[in-house]
Amino acid sequence: MSLQKEFEALGCWSAPTEEEHISVYGLDFDNCYIIFTDLDAKAPVVAACYDDRDAFMWGKELKDFAALKALRAAHADDEAFIAAVENYTLPKE
């Protein structure tokens with residue numbers, strides 16, 4: 001399955017960016033939305049959270065898409081998922 005299809009399976013919408021020449025993927029929630037960017041399935045995923053007025057709230061780097069997918073699987077509740085992404089820490093190598 002392509003990475004775009006994987007993001008769509010998580011419920012994400014996608015949008016191309018003209019400046020960076022990449023696609024971003026997003027999830028909408030009641031009071032905010034999170035945008036995810038990455039280049040491939042094994043690259044770090046950057047998450048940026050914005051409130052409903054489009055003001056930046058926080059950003060986080062996740063190890064890879066698998067880490068994002070695991071967080072979503074473990075946290076079906078939207079608020080729990082948002083908190084899990086915000087509080088994620090990269091594993092020590």
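We're numbering straight along the sequence, starting at 1. These numbers come from a predicted model, not from an experiment.
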Asks: How about Phe36 and Val24: do any of their side-chain heavy atoms sit closer than 4.5 Å?
Replies: no
Asks: Where is the tightest heavy-atom contact between Leu62 and Tyr88, given as atom of each residue plus distance?
Replies: CA-CE2, 3.4 Å
Asks: For Trp58 versus Val85, what's the shortest heavy-atom pair and its separation?
Replies: CH2-CG1, 3.6 Å
Asks: How about Ser23 and Gln4: do any of their side-chain heavy atoms sit closer than 4.5 Å?
Replies: no
Asks: Are Leu27 and Met57 connected, step by step, through hydrophobic side chains (Ile, Leu, Val, Met, Phe, Trp, Tyr) whose heavy atoms are closer than 4.5 Å?
Replies: yes
Asks: Side-chain contact test, heavy atoms from C-beta onward, threshold under 4.5 Å: evaluate it for Ile82 versus Phe29 and give yes or no.
Replies: yes
Asks: Determine whether the aromatic ring centres of Phe56 and Tyr50 lie less than 6.0 Å apart.
Replies: yes
Asks: Apply side chain to side chain contact (heavy atoms under 4.5 Å, CB included) to the pair Leu3 and Tyr25, showing each step before the final yes or no.
Replies: CA-CA 11 Å; Leu3 192 55; Tyr25 303 91; 5.6 Å; no
Asks: On a heavy-atom basis, which atom in Lys63 and which in Pro91 lie closest, and how many Å separate them?
Replies: CD-CG, 3.7 Å
Asks: Do the side chains of Leu68 and Leu10 get nearer than 4.5 Å, heavy atoms only?
Replies: yes
Asks: Nearest 0.5 Å, what's the OG-CD distance between Ser14 and Glu8?
Replies: 6.0 Å
Asks: Before giving the answer on ring pair (Phe, Tyr, Trp, His ring centres under 6.0 Å), spell out for Phe7 and Phe65 the whole-Å C-alpha distance, their side-chain angles and the decisive distance to 0.1 Å.
Replies: CA-CA 9 Å; Phe7 272 105; Phe65 180 79; 4.9 Å; yes
Asks: Identify whether the distance between the nearest side-chain nitrogen and carboxylate oxygen of Lys69 and Asp64 falls below 4.0 Å.
Replies: no
Asks: Does a salt bridge link Lys60 with Glu86, judged by any charged N lying under 4.0 Å from a carboxylate O?
Replies: no
Asks: Just wondering, do Leu90 and Glu61 contact through their side chains at under 4.5 Å, heavy atoms?
Replies: yes
Asks: Taking atom types as modelled, find out whether Tyr33 and Asp51 have a side-chain donor-acceptor pair closer than 3.5 angstrom.
Replies: no
